[in-house]
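Here is the structure we will look at, set down as structure tokens.
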Amino acid sequence: MINTFTNKNLERFNLDWELIQSELRLKLGTEVYESWIRKIKLVEEFNNYILLSVPTRFIRDWITSRYLDQILQNIKKHKKEIIRIEFKIIENRDKKLESSIDLSQTVKDEKVSFIKDTHLQYTRIDPNKRFENFLTGSSNKIAFEASLKVSENFSYYNPLYIYGGVGLGKTHLLNSIGHQMNKNKKVMFISAERFMYQFVKSIKSNDMVKFKEYFRNTDVLLIDDIQFMNGKEAMQEEFFHTFNALLEKGSQIIVSADRPPNKLMRIQERIKSRFSGGLVVDIQKPEYDLRKKILNHKINELTTLYSEKLNISDEIQDLISTKIKTNIRELIGAINRIASFSRIYNKLPSLAETKVVLKDLLNLKENTVNIDIIQTVVCKFFKISKNEMLSSRRSRYLVRPRQTAIYLTKILTTKSLPEIGREFSNRDHTTIIHSVKTIEKLKENNPEMNDNINKLKNIILYNKQDEI
Ligand code: ADP
Ligand code: MG
């Protein structure tokens, strides 16, 4: 599969993780996939277990409690020896790393599996990405209009080159063009990665003539993520000739990239200059109004889908549209996650819960926790004073909050038991152990207690000091 190209450590893995992910997408649905599964990365593969990574503890717990069996089942289909999955939390992964390709390795790699030549193989138009559901604002209007023009008015701009950052709608627009023109033209929609894959494959199987014919026979050629078409002189040569042949016979070419033509790396000058020769348009980061519009649209769509209103408060909508500024995919992902949460728990998340659920998307850092904050939050929550908490009085209404604060200090800080004892008016470390054990037991048997602890944990970790 072409997808394995993105896997830098091909040699270390027998499992094709991206294939497994796409199977999980089919099995669990796009919403679950986009909300939780997409974020899972394969870190390491062992004989009978694998190590996966996710960006937050919350996502790990969510996946573990709901999808682990299904994920394991799918993994077992490919490698039956795997009996266990382990997770590692890796925050803020470098996005560039994910999209890097090492072609030299790919070409040598014998594990690349060959698939039969079919039209489907080159053309994968997603019928859900159309002009009608592409929302516009000042940041993407020009790209949208140019795309529309091209699909209505053959060869109006040729080539059309659309560029912009990750998750801003380039693939959506290319799909829309493909979808529209497919009605009466021969359309080919291929990612640059797949183009390279087919190229390498054709050389290996002596099918170059067929490959050339295939590409030169199309009325509309859409190539997604052209920035990946780097290196490999012979392939660029072939691409350049195909490109010229198509332009000569009047075929329409549309290209997308994450940067303007002159910034493309390791791509021949003459190809870049060809790209610049048509119309070059960019998609900017979505402005606030567009973010709001997309948010509303998505909420309505989910409401129609599940025929129950998703009453996300203005406060939460505001949080999302002010914090997620640079990626429309993540904006939509945030709403999907909230919908997912509300279906499971039968209620919408509170503001504090939203921050936990969306931590990785909102780029929230956990607060630096110290004993003072824990004591303040717990006192406020149980409506007692700090003096009361630290006193030696053993009234029931003081004992529970005190034990709770001690428990939270144990799990949220690295303080030792004697240190914690000192901070709680020089209590003995055995008292501290007793408190921790008591709360652990209560948590197990008393849902309200469990709920309170989670609430407190969220407030301590994610709320701003002035909200406490
Ligand atoms: P890119 O190819 O630029 O990385 P995509 O086209 O894959 O981005 O878009 C990411 C997600 O956001 C897709 O689900 C797409 O449908 C959605 N999306 C992007 N822009 C818009 C828009 N203007 N209106 C509606 N949905 C959008
Ligand atoms: Mg894309």
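Order of appearance sets the numbers: ligands from 1, and atoms from 1 within every ligand. Just so it is clear, the model here is predicted, and its values are computed rather than measured. Below, all heavy atoms of this structure are taken into account, side chains as well, without hydrogens, waters or symmetry copies.
Atom NZ of Lys249 has more than 12 heavy atoms from other residues, nucleotides or ligands within 6.0 Å.
Looking only at protein heavy atoms, the nearest one to atom 25 (C) of ligand 1 is Asn133 O, 3.3 Å. For atom 16 (O) of ligand 1, the closest non-hydrogen atom of the protein is His172 ND1, 2.7 Å. Counting protein heavy atoms only, atom 12 (O) of ligand 1 is closest to Ile328 CG2, 3.5 Å. Of all protein heavy atoms, the one closest to atom 4 (O) of ligand 1 is Gly167 N, 2.7 Å. Here the protein heavy atom with the shortest distance to atom 24 (N) of ligand 1 is Leu135 N, 2.9 Å.
Side-chain atoms of Gln198 and Tyr214, non-hydrogen and from C-beta on, never get closer than 4.5 Å to each other. Looking only at side-chain heavy atoms (C-beta outward), Ile59 and Ile89 stay at 4.5 Å or farther from each other.
Counting heavy atoms only, Thr171 comes closest to atom 2 (O) of ligand 1 of the residues Thr171, Leu331, Asp225, Leu173. Of all the listed residues (Arg329, Arg130, Glu330, Lys129), Lys129 holds the heavy atom that lies closest to atom 14 (O) of ligand 1.
One side chain, His172 or Asn133, offers a donor N or O that lies under 3.5 Å from an acceptor on the other. Side chains of Glu233 and Gln268: a donor-acceptor N/O pair is present below 3.5 angstrom, by distance only. For Ser251 and Asp219, the side-chain atoms include no donor-acceptor pair closer than 3.5 Å.
In this structure, Arg38 fails the cation-pi test against Trp36, since its NZ or CZ atom is not both closer than 6.0 Å to the six-membered ring centre and inside 45 degrees of the ring normal. No cation-pi contact links Arg274 to Phe243, judged by a cut-off of 6.0 Å to the six-membered ring centre and 45° from its axis.
A salt bridge is absent between Glu18 and Arg25; no separation between the charged side-chain nitrogens and carboxylate oxygens falls under 4.0 Å. Salt-bridge annotation for Glu81 and Lys79: absent, with no side-chain N of the basic residue lying under 4.0 Å from a carboxylate O of the acidic one. Between Lys292 and Glu287 there is no salt bridge, since no side-chain nitrogen of the basic residue lies less than 4.0 Å from a carboxylate oxygen of the acidic one. A salt bridge links Glu238 and Arg216; the closest N-O separation between the charged side-chain nitrogens and carboxylate oxygens is under 4.0 Å.
Contacts between His297 and ligand 1 below 4.0 angstrom, taking non-hydrogen atoms only, are absent altogether. Of all the heavy atoms of Asn140, the ones lying under 4.0 Å from any atom of ligand 1 belong exclusively to the side chain.
Below the 2.8 Å limit, the Mg ion (ligand 2) has as protein N, O or S neighbours Thr171 OG1.
The shortest N or O to N or O distance between Leu168 and ligand 1 is below 3.5 Å. For ligand 1, the polar-atom distance check against Gly169 finds a nitrogen or oxygen pair separated by under 3.5 Å.
In the vicinity of Gly165, heavy-atom distances shorter than 4.0 Å reach the ligand 1 atoms 3 (O). Each of the following atoms of ligand 1 lies closer than 4.0 Å to a heavy atom of Ile332: 12 (O), 17 (C).
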